[in-house]
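Given the structure is predicted, the values throughout are model-derived calculations rather than measurements. Residue numbers count from 1 along this sequence.
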Amino acid sequence: MKFITECEVRMSTPMWNSTYDLQVLKKFGFSCRKVKTSRVQEVFFTLPEMNYLLLCCDGASKGNPGSAGFGFIGRNSNGDYLIAMAGGLGVATNYYAEVMAILCAGEWAIQHGFFQLIFRTYSQSVIEAFKSQKMPWFAISRWKICLSIRDWRFIHTYREVNFLADSLAKKGADLQRGENIIYIHRPAFLSPMENDQQTYYRFR
């Protein structure tokens with residue numbers, strides 16, 4: 001008990017301010033901690049405008065670095081499902097996986113005749129890298145292929161409204177490096193899809 005009390009100075013975790021928390025702190029003679037609060041934020045999903053293809057992208061890594069994968073899903077202005085892909089990347093960082101999701105989505109779109117694209121991803125750092133044309137060295141040559149795109153935009157989005165791409169990325173992390181699964185028809189695990197008529201909630 002004395003040793004634990006003496007180590008209070010090393011404690012930085014906040015408390016929930018519950019009765020149980022206060023009883024524990026009192027038992028060890030600790031002073032009150034900062035209270036951890038939770039804030040609810042409304043977030044929304046939006047479909048692209050006419051003639052644009054929406055590519056919801058995400059990357060996942062089981063560890064950083066660790067077994068990594070990427071996923072993306074394409075939808076048109078009517079919300080129709082067009083394509084979904086999950087890919088394995090072997091051992092990589094989460095940042096690498098996020099970049100590869102953008103590259104693979106862009107390459108697929110160009111190969112299938114889509115040249116007006118909107119990318120949605122959670123990673124703000126990846127968005128800034130592509131917007132400023134300061135992407136990592138491994139992405140430069142592949143992104144040059146995507147420069148035939150007539151118009152492209154990036155939208156930062158939370159995982160609460162990008163959950164399909166998140167599911168695909170996690171599935172990709174279980175695949176071998178270079179292994180890809182393309183879903184031409186919407187699989188059962190991608191239902192329901194994000195709805196632009198629905199309000200979603202993010203807890204912070």
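Remark: the Gln111 side chain and the Glu107 side chain contain no N/O donor-acceptor pair separated by less than 3.5 Å.
Within 6.0 Å of CZ on Arg177 lie no more than 12 heavy atoms contributed by other residues, nucleotides or ligands. Crowding of Met1 atom CE: a count of heavy atoms from other residues, nucleotides or ligands under 6.0 Å exceeding 12. Atom CD of Gln198 is surrounded by more than 12 heavy atoms from other residues, nucleotides or ligands within 6.0 Å.
Figure legend: cation-pi geometry between Lys171 and Phe189, with NZ or CZ positioned under 6.0 Å from the six-membered ring centre and within 45° of its axis.
Using a 4.5 Å heavy-atom cutoff, the side chains of Asp151 and Tyr52 are in contact. Counting only heavy atoms from C-beta outward, the side chains of Asn76 and Pro48 never approach each other to under 4.5 Å. Asp196 places none of its side-chain heavy atoms less than 4.5 Å from the side chain of Thr46.
Aromatic ring pairs are classed by plane angle as parallel below 30°, tilted from 30° to 60° and perpendicular above 60°; the pair Trp108 and His112 is parallel. The aromatic rings of Phe30 and Phe28 lie parallel to each other, with less than 30° between the two planes, well short of the 60° mark. Ring geometry, Trp143 versus Phe154: the interplanar angle falls from 30° to 60°, so the pair is classed tilted.
Atom OG in Ser67 sits 9.0 Å away from atom CG in Leu89 (nearest 0.5 Å).
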message = Would Met85 and Leu168 count as a side chain to side chain contact (heavy atoms under 4.5 Å, CB included) here? Give the steps.
response = CA-CA 7 Å; Met85 178 187 288; Leu168 287 164; over 6 Å; no
